[in-house]
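To start, the structure under review is shown below, and the notes come after it.
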Amino acid sequence: MTVDVDFNAEVAENWAPLVTVDLRYVEGDFEQKRFDIAKDLKEACFGAGFFILVNHGIDDPSLMYSIVPKVLSLSKDEKLSFKSTASVDGDYTGYVGDGSGNNVEYYNVGKFIPQFQKPHPEVIKQHYDEIKAFSHECHRVALQVKRLLAIALEIPASASHSSRRVPGSPFAEHYIEDLHRLEDVSGDHLRFMRYPAVSAEVDAQRNNIRVPAHTDYGSLTMMFNPRVVALQVLTSTHWRFVKPTPGALICNIGDTLQFITGNVLKSTQHRVMRPPGDLGGLERHNLIYFSRATDTVRLGAVPSPFVDETAGEVGLTAGEWVAKRVQATTKRIDTRTDEDRRKAEAEYDQLQRVINEKQGYAATSQL
Ligand SMILES: O=C(O)CCC(=O)C(=O)O
Ligand SMILES: [Fe+2]
């Protein structure tokens with residue numbers, strides 16, 4: 001898909017001001033470099049909660065992007081036969097949408113561990129090994145970001161198990177990484193996402209909002225630079241579009257990291273709009289990796305001079321929080337009656353409010 005990017009001047013002047021984090025020297029024997037990168041990340045995550053990640057080393061995502069229209073152009077019956085059971089049990093893997101092709105829809109591929117082994121459509125099976133390798137690359141980069149976050153948060157080396165100490169480092173660099181092990185049960189998934197082309201009239205009826213304001217539920221979200229502009233980030237009281245950066249990942253912090261840092265890392269609200277200007281009539285695709293903490297991780301504070309020890313505790317595990325939010329999200333799609341829809345909306349809003357209020361936003365609907 002090639003898109004002539006033609007933004008109107010108003011959009012171009014109001015891009016969200018996001019920090020770029022460059023991972024070029026993150027690996028190897030570059031402790032000082034690593035600390036410098038962590039400084040950039042700190043500025044981004046203590047502030048906007050969103051950042052642009054470059055030199056991440058993940059292969060070109062073209063093959064993965066080519067799966068989006070294939071898996072989401074299956075027949076309604078076929079898509080619904082792979083429907084996620086999220087509204088019942090919080091398992092987000094599989095197809096999410098109404099099957100019609102007229103609304104936002106996605107296919108989530110979960111972790112490659114027995115708990116998430118499921119039947120898949122032919123096109124996913126055909127590329128299964130590539131999807132697995134790609135997802136593992138995403139997981140590896142997500143861990144690099146978490147190592148940098150542990151440095152940014154100055155988690156003291158004394159908090160490490162001895163086998164995980166980094167010689168000479170004053171910080172427990174692997175502390176947050178270790179809450180996200182590849183082999184553990186968690187809701188990590190790679191998402192193939194499609195926004196169908198919608199007429200200006202239909203979009204106008206919902207104030208041009210295609211995905212309402214929300215925060216993400218897990219730890220870190222990494223988007224493979226969707227080319228069609230539509231994502232907006234809330235920066236103080238202004239919604240601003242995110243400018244595409246070829247080859248980069250658009251990343252944001254999720255609720256889990258906000259909880260375990262007592263709101264120091266920001267799970268920032270964002271939403272998806274009708275693309276501006278000439279882009280409005282285009283179908284939009286997105287490829288997203290959602291990184292999540294191991295289900296059993298408690299949402300308590302990490303040791304850090306920046307974190308109030310008592311702030312994070314909400315009496316839930318990361319898995320319980322994510323499952324609640326995923327259930328509330330998908331129930332809104334699955335409800336049949338107006339009454340059920342109202343209930344589902346209320347449940348969803350109540351959970352979203354927990355996060356917003358910790359950042360001083362009373363309610364999303366007030367924005
Ligand atoms: O498509 C996008 O740009 C953002 C999607 C999103 O926010 C989400 O799936 O959580
Ligand atoms: Fe999101």
Side-chain angles (χ1 to χ4, degrees), residues 1 3 5 7 11 15-16 18 48-53 61 64-65 68-69 72 84 86 92-97 103-110 138 142 187-198 203 208-235 239-245 248-258 265-276 279-280 282-292 321-322 325-330 332-333 348 351-352 355-356 359 364 367:
M1 183 182 62
V3 170
V5 180
F7 312 112
V11 170
W15 296 121
L18 302 181
F50 265 76
F51 56 97
I52 309 293
L53 197 65
M64 294 299 120
Y65 260 118
V68 176
L72 295 168
S84 143
Y92 220 178
T93 61
Y95 174 76
V96 180
N103 294 302
V104 178
E105 55 184 349
Y106 39 95
Y107 192 86
N108 294 332
V109 177
C138 293
D188 282 50
H189 59 274
L190 184 65
R191 174 174 301 177
F192 302 89
M193 192 166 192
R194 172 178 174 270
Y195 297 76
V198 171
D203 268 338
N208 290 326
I209 298 173
R210 294 188 176 175
V211 177
H214 66 281
T215 61
D216 292 345
Y217 324 144
S219 293
L220 183 72
T221 303
M222 308 193 306
M223 280 175 265
F224 285 83
N225 188 49
R227 279 188 265 189
V228 179
V229 176
L231 174 64
Q232 282 190 333
V233 176
L234 184 64
T235 56
W239 288 103
R240 293 184 200 275
F241 281 106
V242 173
K243 185 181 179 185
T245 307
L249 298 179
I250 319 272
C251 298
N252 62 286
I253 296 293
D255 299 347
T256 297
L257 289 186
Q258 179 172 314
L265 300 181
K266 301 290 186 306
S267 182
T268 296
Q269 293 186 75
H270 51 285
R271 64 184 188 181
V272 182
M273 306 297 288
R274 176 180 176 81
L279 304 177
L282 294 174
E283 174 161 322
R284 177 174 184 264
H285 297 165
N286 202 350
L287 175 71
I288 316 179
Y289 188 79
F290 290 90
S291 156
R292 300 203 156 143
W321 174 258
V322 168
R325 292 217 64 186
V326 164
Q327 265 177 285
T329 301
T330 45
R332 296 185 310 172
I333 303 172
Y348 179 86
L351 292 170
Q352 184 61 69
I355 300 298
N356 295 358
Q359 287 186 42
T364 302
L367 293 166

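Note that the structure is a prediction, hence the values are computed from the model and not measured. First listed ligand is number 1; within each ligand, the first listed atom is number 1.
In this structure, the side chain of Asp216 does not engage the main chain of Gly254 through any donor-acceptor pair within 3.5 Å. Judged purely by atom type and a 3.5 angstrom limit, Asn252 has no side-chain atom pairing as donor or acceptor with the backbone of Gly49. The closest donor-acceptor contact from the side chain of Arg284 to the backbone of Val228 lies under 3.5 Å. Although no hydrogens or angles enter the test, the distance criterion places no donor-acceptor pair under 3.5 Å between the side chain of Ser291 and the main chain of Ser219.
Of all protein heavy atoms, the one closest to atom 2 (C) of ligand 1 is Asn286 ND2, 3.1 Å. The protein heavy atom nearest to atom 4 (C) of ligand 1 is Val272 CG2, 3.6 Å.
Each of the following atoms of ligand 1 lies closer than 4.0 Å to a heavy atom of Arg191: 8 (C), 9 (O). With ligand atoms numbered from 1 in the order given, ligand 1 contributes 1 (O), 2 (C), 4 (C), 5 (C) to contacts under 4.0 Å with heavy atoms of Tyr195. The contact set between ligand 1 and Asp216, taken as ligand atoms under 4.0 Å from a residue heavy atom, comprises 10 (O). Applying the 4.0 Å criterion to heavy atoms of His270 picks out, from ligand 1, the atoms 7 (O).
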* Worked verdict on Gln359 versus Gln269 for side-chain hydrogen bond (donor to acceptor under 3.5 Å, both in side chains) -> CA-CA 10 Å; Gln359 287 186 42; Gln269 293 186 75; over 6 Å; no
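Among Met193, Gln269, Arg284, the residue whose heavy atom sits closest to atom 3 (O) of ligand 1 is Arg284. For atom 7 (O) of ligand 1, the nearest non-hydrogen atom from the set Met273, His214, Gln232, His285 belongs to His214.
A heavy-atom separation below 4.0 Å is not found between Val211 and ligand 1.
Note on Asp216: its N/O/S atom closest to the Fe ion (ligand 2) is OD1.
Using a 30° and 60° split on the angle between ring planes, Tyr92 and His189 fall in the perpendicular class, above 60°.
Exactly one residue among His270, Arg325, Lys266 makes a side chain to side chain donor-acceptor pair (under 3.5 Å) with Thr215. That residue is Arg325.
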